[in-house]
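Okay, so here's the structure we're looking at.
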Amino acid sequence: MADDNTPAADNPYTQTHVVQSGDTLSKIAQKYYGDASLYPKIFQANRDVLSDPNKISPGQKLRIP
Amino acid sequence: MKKPSFWVLATLAAVFIIACQNQRAPAEQAVAAAESALTNIRDMATRYAPDQLQAVDAQLNGVKDSLAKGDYKGVLAAMPALNTAIGNLKDTATAKQQEADAASAKAKDAWGPLSSDVPKMVDAISSRVDILSKSHHLPKGVTKDSLAAAKSSVDSMKSTWSDASNAATAGDYTTAVSKGQAVRDQASQIMQSLGMKS
């Protein structure tokens, strides 16, 4: 099994979120973790598609570790 | 009534003894053949039909007792039933072994997807539990109790999964699948309770 906090990119059991208009990583973190300050967890899990935590686009499919 | 002469009695005794000796070799050969037949299937019978084997062993021991007592006629009379019992035992054990082999092959097929999916499920849960443990508030639908339950379940799931993997390595796919499915069911339930299923 992989180390904690390092879900494999191809793990089909890692939850996903499709970015909607008006979404931010903080809002997404609030929704899934109840705590907006945990947005870096989502950013780190999606470094292959995100280069800046403040730049996400509607339609992007993000992994929620 | 005239008393039989010594020579008549001696002749009758000699005939009796010769008759007995004539049955001795066939009786010994028949018992040896039955023992050999039973030895050939003993391992399989011990595993798949132990009760029936015990009954046949008792039957064989009875025949061997008769042989030891010189009751060759009794031995030969008992052999057909003993041989039939050994044949039936072989049939039963063979059928049960085939059933077990088929079940094991089926379990081996089921193990493939399980061995791929379950570790990923547990990893996903472990990651989420770790992050939620750092959260100041829990998301809608997730309670402190469900998070605590998930936390305590992660270790037990990993332990059970380790047992399942060891069983598979040892070739016991039936046990491996049973334990693997239990972990998968538990993981699925936990993912539901943590809101991980969209």
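Naming: A, B, ... by sequence-line order, numbering from 1 per chain.
- Looking only at distances, no side-chain donor or acceptor of Gln15(A) sits under 3.5 Å from a matching main-chain atom of Met191(B).
- Note: the hydrophobic cluster containing Met79(B) also contains Ile86(B) (ILVMFWY, side chain heavy atoms under 4.5 Å, direct or indirect links).
- A heavy-atom distance below 4.5 Å is not found between the side chains of Tyr13(A) and Ile125(B).
- Remark: the backbone N or O of Tyr33(A) is paired with a side-chain donor or acceptor of Ser135(B) at under 3.5 angstrom.
- Within 6.0 Å of the CD atom in Gln189(B), the count of heavy atoms belonging to other residues, nucleotides or ligands does not exceed 12.
- Annotation: side-chain contact (heavy atoms from CB on, under 4.5 Å) contacts of Ser26(A) (sequence neighbours excluded): Thr24(A), Ala36(A), Tyr39(A).
- Side-chain heavy atoms closer than 4.5 Å link hydrophobic residues (I, L, V, M, F, W, Y) into clusters, and following such links, possibly through other members, connects Val49(A) to Phe43(A).
- A search for side-chain contact (heavy atoms from CB on, under 4.5 Å) contacts involving Glu35(B) returns Val31(B), Leu60(B), Lys64(B), not counting sequence neighbours.
- In this structure, Ile131(B) and Leu38(A) approach most closely via the heavy-atom pair O-CD1, 3.7 Å.
- Residue Ser37(A) holds its OG atom at 9.0 Å from NE2 of His137(B), rounded to the nearest 0.5 Å.
- When heavy atoms are compared at a cutoff of 4.5 Å, Leu138(B) approaches chain A solely by way of its backbone atoms N, CA, C and O.
- Remark: Ile64(A) CD1 to Met196(B) CE distance equals 10.5 Å, nearest 0.5 Å.
- For the residue pair Lys134(B) and Asp35(A), the shortest heavy atom distance occurs at O-OD2, 4.1 Å.
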